[in-house]
Every structure is written in structure tokens, then in C-alpha cells.
Amino acid sequence: MSKVRTRFAPSPTGYLHIGGLRTALYGYLYAKKQGGDFVLRIEDTDTERYVEGSVQIIYDTLKSSGVIYDEGPDVGGDYGPYIQSERKALYKEYAQKLVELGGAYYCFCDKERIESLKDENGNTRYDKHCLHLSKEEIQKKLDSGVPYVIRQNVPTEGTGTYHDLVYGDISVDYKDIEDGILLKSDGMPTYNFANVIDDHLMGITHVIRGIEYLSSTPKYNLMYDAFGWERPVYIHLPPIMKDAQHKLSKRNGDASYDDFIKKGYYKDSIINYIALLGWSPKSNVEKMTLDELKENFSLDGISKSPSIFDETKMKWLSGEYIKELSFDEFKNLALPFLKESAAFGKFDTDKLLNLVKTRVQIMSEIPEKLEFLTDFNEYDVNLFVNEKQKTSIELAKEILPEIKEVLAGLDEFTNANLFETLVGLSTKLGIKKQALLWIARIAITGRSATAGGATEIAEVLGKEQTISRIDFSLNLLNK
RNA sequence: GGCCCCUUGGUCAAGCGGUUAAGACACCACCCUUUCACGGUGGUAUCAUGGGUUCGAGUCCCGUAGGGGUCACCA
């Protein structure tokens with residue numbers, strides 16, 4: 001059996017959306033799993049939809065996410081060029097060949113005539129008008145420069161059947177397929193033609209693409225057959241949805257890979273998550289790095305039904321990866337986000353990082369988690385009331401001065417030291433340490449939930465600020 | 001509208017004629033705990049619907065409903 005070759009063939013229309021990235025990922029994973037090659041081809045035959053810079057975005061996204069192509073416009077390969085606009089001459093040649101083979105024909109009909117073919121639903125259906133032109137007529141029109149397209153000659157009867165690895169046997173009656181345009185009047189091929197020519201010429205063995213091509217595949221097969229080429233294996237993928245009705249699309253402002261990176265998702269979690277959308281591993285382990293995905297990926301795990309993108313689960317995955325990071329790795333990734341925090345520069349950086357490391361799932365959560373360090377204002381003193389710890393406002397009033405006193409006498413303001421001291425105090429006062437630490441934490445933060453416990457926070461704040469915050473809270477309590 | 005495809009908890013999903021219908025996220029409870037988070041334990045919750053076939057159906061067949069795709073000189 002020949003070497004597996006898969007491809008990702010996006011059109012440069014502005015962005016690489018999550019669905020596209022997943023298609024690329026599956027193609028990559030399958031090729032790598034089989035020891036084959038993954039190629040990138042740019043489908044820029046629609047000059048009107050071309051968006052400047054989008055080719056670069058495609059390169060960057062694939063490289064950044066680790067979906068590495070063996071061949072492509074910027075890395076070369078033996079089957080180039082890998083940009084369709086640079087293959088224009090090739091398509092014309094094959095289109096003419098297909099005409100000779102009877103699989104296509106010249107069409108000189110103008111827009112008005114096509115327009116007049118509209119049916120009650122507003123759909124036009126070409127009537128094979130030009131199929132019956134004689135060789136002489138065609139040559140005459142060609143010579144006099146009449147604009148033309150080349151259309152596929154689809155049989156009027158019969159059924160096209162093929163086997164899709166995900167969806168099973170698919171059959172479409174030829175009478176339901178129009179004689180679509182293969183070569184446009186500007187000489188550019190349409191997708192319908194170019195994908196067939198290129199997939200064959202580039203030796204693609206497995207075509208992995210979105211489900212939107214499921215029912216048009218029989219007409220591609222017609223061409224493979226007409227040329228006498230071997231059909232590829234087809235793997236159509238279900239869509240990724242934003243909700244039950246709508247596909248995920250950047251056009252609607254849905255987040256892209258890049259947006260997630262900007263939000264501080266751990267990189268691997270994005271790939272990991274989208275791999276899981278529409279594919280499920282054999283084992284129950286869901287958290288997988290790209291290398292692990294490569295090992296475990298198999299086409300039979302791909303599902304037929306659409307999946308809704310759930311950012312919450314991706315966040316969870318990101319958090320799982322972050323938890324495993326060493327302090328230095330975390331610091332490296334977290335620093336750009338920490339710098340956005342008002343606390344940055346005012347406190348010891350490493351201490352801030354430690355406060356936050358086990359508490360964030362995505363890096364952009366860092367500033368809000370540290371807000372309490374710089375934002376300390378009047379708060380509701382009922383926070384001192386905690387039923388479970390049996391604390392009350394009265395108790396706070398009573399012991400806060402004691403807490404202040406022992407802390408004021410402390411030289412070493414370290415977590416361990418503070419903890420030992422305050423626990424000692426609680427024993428002396430005959431109250432539970434949890435109660436005392438609750439009161440202490442509320443007094444220095446004014447919040448019910450904080451990243452870090454009382455002594456941990458006190459260490460970060462330092463002696464001076466800790467004492468002054470206690471004073472502030474005491475005033476508040478006695479108001 | 002024609003044609004093609006899809007339908008298991010809130011979400012991702014396993015299942016491929018016989019299961020107490022896995023697992024994960026989320027949610028809830030409890031435990032752990034210096035609050036929160038982490039971690040641990042447990043829990044709530046799913047086969048769209050109507051007919052068949054079969055001793056037996058989430059699994060096979062047909063219909064219905066709902067949803068998606070496609071019907072471009074777009075991919």
C-alpha cells in the first residue's frame with residue numbers, strides 16, 4: 001500500500017477558524033499515526049474573497065499549534081506549487097483533457113441566459129445547452145474570443161455511490177447534480193475542479209474535510225473515474241457548533257485559536273480540546289498532549305453528529321495543564337498577564353505568582369485574582385460572621401486588637417512564622433484557629449474569598465500594610 | 001422546496017441485539033482544608049417520537065418531528 005498522504009486545503013479568506021484547525025489537526029494526526037505526510041495547500045482561486053495576510057495567519061496558527069505540515073508553500077516539497085493560483089496553467093490543461101474524455105464541455109452561455117433558467121425556488125439549473133455544440137461551432141467561438149467556461153458533463157441518470165469512512169455509504173442521483181463550472185471565464189478553476197486535480201497530482205490518499213462536501217463528492221468521483229484515476233478515501237467531518245443551530249464561525253465574532261492564546265489558555269489545551277470535539281479516544285483518558293493524540297488517534301472514533309463548543313471544558317483542560325507546570329514554566333507564561341495586574345511591581349513577583357498558580361485555569365484570570373491586594377476599601381462587616389467557624393462581629397472586635405498586637409511585635413513576616421504566631425494566639429485566647437484566621441483574613445482583605453489564606457496574604461502585604469489594614473478594619477467595626 | 005446527512009444527560013460522549021446505559025466537563029452534597037482553589041468520596045441528570053422486526057431494541061427497518069448541509073463563474 002502506498003504511503004498515506006493527507007492535506008489541509010484552506011482558502012485565504014481572512015482567518016483560520018476552530019473548525020478549520022480541527023480539520024487540519026485530524027489530517028495531521030492521521031498522517032502521522034500512519035507514518036505518512038501531511039501537506040498544506042492554499043486554495044486561492046477566488047480572487048474576490050482573498051484577504052491580505054491570511055496566508056500568513058494560516059502558517060502561523062498551524063506552526064504555533066504544532067500541526068506541522070511536511071509540504072506546503074513556505075516549506076516546499078516535491079508536489080508543488082502548493083498555491084492554486086500558481087497552478088493555473090495546469091488546470092486548463094486538465095480541463096481540456098477532460099473535455100476530450102467527454103467528462104466536460106465548453107459553455108458560451110451568457111449570464112442572461114443562465115438567469116432565464118431559474119426555477120420556482122430561484123435555483124438555476126444549467127440545461128446542457130452547449131453540450132451539443134459541434135466541434136466547428138466551438139472552434140469558431142473560441143477563435144473569435146467569445147468568453148467561455150468549462151462545465152462538467154454529469155450523466156442525466158444513474159446514481160453516484162461512494163463509501164465515506166465516517167458516514168458510510170452515500171448515494172446521490174446524478175439527475176440531482178448540476179453541470180457545474182470547472183473552469184471559470186477568468187481561467188481560474190473552481191474548487192470543484194481544482195480539489196480533484198490537486199488531490200490526485202499531489203498523491204493525496206485520504207481526503208479529510210468538512211461535511212459540506214459530503215453530497216458533492218459523487219461529482220468529484222465522476223472526474224476521478226473519467227480520468228481513470230484512483231479515488232481517494234473520504235473522511236467527512238461533522239461541524240463544530242456554537243449552539244444547536246449555528247456553526248462556530250469567526251464571522252459571528254466567535255473566538256479563534258489566536259483569541260484563546262490571547263486569553264491565556266495553555267496552548268496544548270486548545271488542541272487537546274478541539275481534538276475531542278467530534279472524536280473520542282478509546283480509553284477514558286481525555287487529557288492528551290499532541291504526541292499522545294498522535295498515538296491514540298484513529299478514524300473510527302470520529303462521530304457523525306455535530307458538537308457544540310464548550311469553552312468551560314477547555315478551560316478545565318487548560319487548568320489541568322497549568323497545574324502540572326513547574327514554577328519557572330508557570331512564571332514564564334504568566335508574567336505577561338501578571339503585568340496587567342495592578343499588584344505587579346508593588347509586591348514580590350514570585351510571591352504573587354505563588355498565590356495564583358494553583359488557582360487559575362487561564363492566565364488572563366490572574367489580575368482579577370490579585371485585585372484584593374490593591375483594592376481595599378470599605379466593606380460589609382457582616383463578612384466577619386461565619387456560622388461554620390462560629391465567628392461574629394463582636395468576636396472580631398474583641399480579638400483584632402490582640403492580632404494586631406502580636407503581629408506588630410513580629411520581626412519576621414513570613415507565612416510560617418505568621419501562622420505559628422497566630423495559631424499560638426488562638427490557643428492562648430481559647431478559640432479555634434480557623435475562627436481566628438478567618439477574622440484575620442477578612443480584616444486584611446475585606447473579601448469572602450481570596451487567593452491565599454490569612455498568613456500567606458499577610459506575608460505578601462508586608463508588616464506595614466497588614467497592620468494598617470487591621471486598623472482600617474477596626475475603625476470600620478467600631479463605626 | 002429537491003437531494004444528502006444527523007438526533008444518548010445542560011455540554012462532550014461510550015455503546016455497535018441481552019449493560020444496574022461507561023467516562024469527562026458543569027452542577028449539588030459531604031470530607032480534607034487557613035477562606036477560595038486543589039484533592040477525595042458520593043449524587044442529580046440522557047437514549048426526539050410513533051410504528052414494526054425480534055424471545056429481547058439506544059442499537060436493525062419504516063414513518064414523523066426537529067436540526068444541519070447542499071442546490072454560485074464560493075470554497
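A note on names: the letters A, B, ... follow the listed sequences, proteins ahead of strands, and every chain is numbered from 1. Quick note: numbers below take in every heavy atom, side chains included, and nothing from hydrogens, waters or symmetry partners.
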Contact under 4.0 Å: A:Ser171 side-chain N or O vs B:rC4 OP1/OP2 | no

At under 4.0 Å between heavy atoms, what does A:Lys315 touch on the DNA or RNA strands: base, sugar-phosphate, or nothing?
-> nothing

Under 4.0 angstrom, heavy atoms only, what part of the nucleic acid is A:Phe419 near: base, sugar-phosphate, or nothing?
-> base

Contact class for A:Ile170 (heavy atom, under 4.0 Å): base, sugar-phosphate, or nothing?
-> sugar-phosphate

Aromatic centroids of A:Trp279 and A:Phe297 separated by under 6.0 Å = yes

Hey, does A:Ser283 reach any base, or is it just sugar-phosphate, or nothing, if we go heavy atoms under 4.0 Å?
-> nothing

Set of residues satisfying salt bridge (charged side-chain N to carboxylate O under 4.0 Å, His left out) with respect to A:Asp375, sequence neighbours excluded | A:Arg447

Which of residues 148-155 of chain A sit near RNA chain B, with a heavy atom under 4.0 Å from it?
-> A:Val149

Could A:Arg41 and A:Glu43 be called an ion pair, given the rule that one side-chain N must be under 4.0 Å from one carboxylate O?
-> yes

Write out a two-atom table: protein N or O, nucleotide N or O from nucleotides 65-67 of chain B, distance below 3.5 Å.
from   : atom 1 : to       : atom 2 : distance (Å)
B:rG67 : O2'    : A:Ala244 : O      : 3.4

Write out the stems for RNA chain B, ordered by first number and formatted as range with range, counting runs of at least 3 consecutive Watson-Crick or G-U wobble pairs under 3.5 Å.
-> B:1-7 with B:65-71, B:10-12 with B:23-25, B:27-31 with B:39-43, B:48-52 with B:60-64

Write out a two-atom table: protein N or O, nucleotide N or O from nucleotides 26-33 of chain B, distance below 3.5 Å.
from   : atom 1 : to       : atom 2 : distance (Å)
B:rU33 : O4     : A:Lys388 : NZ     : 3.2

Under-4.0 Å salt bridge between A:Asp127 and A:Arg113 | yes

5′-ward residue of the pair A:Asn284/A:Ser185 relative to RNA chain B | A:Asn284

Look at all strands and tell whether A:Tyr273 reaches a base, only sugar-phosphate, or nothing, counting heavy atoms closer than 4.0 Å.
-> nothing

NA contact type, A:Glu178, heavy-atom cut-off 4.0 Å: base, sugar-phosphate, or nothing?
-> sugar-phosphate

Is the NZ or CZ atom of A:Arg469 both under 6.0 Å from the centre of the six-membered ring of A:Phe472 and within 45° of that ring's axis?
-> no

With a 4.0 Å cut-off on heavy atoms, is A:Thr445 in touch with a base, just the backbone sugar-phosphate, or nothing at all?
-> nothing

Determine the contact category for A:Thr450: base if any of its heavy atoms lies under 4.0 Å from a base atom, sugar-phosphate if only primed atoms, P, OP1 or OP2 are that close, otherwise nothing.
-> base

A:Lys287 side-chain N/O to B:rG23 phosphate OP1/OP2 under 4.0 Å | no

Short side-chain N/O contact from A:Ser280 to OP1 or OP2 of B:rA14, under 4.0 Å = yes

Rounded off to whole Å, could you give me the NZ-to-C1' distance for the A:Lys175 and B:rG2 pair?
-> 8 Å

Can you sort out the partners of A:Glu320 under salt bridge (charged side-chain N to carboxylate O under 4.0 Å, His left out), two or more places apart, ordered by chain and number?
-> A:Lys323

Please work out if A:Asp44 contacts a base, only the sugar-phosphate, or nothing of the nucleic acid, heavy-atom cut-off 4.0 Å.
-> nothing

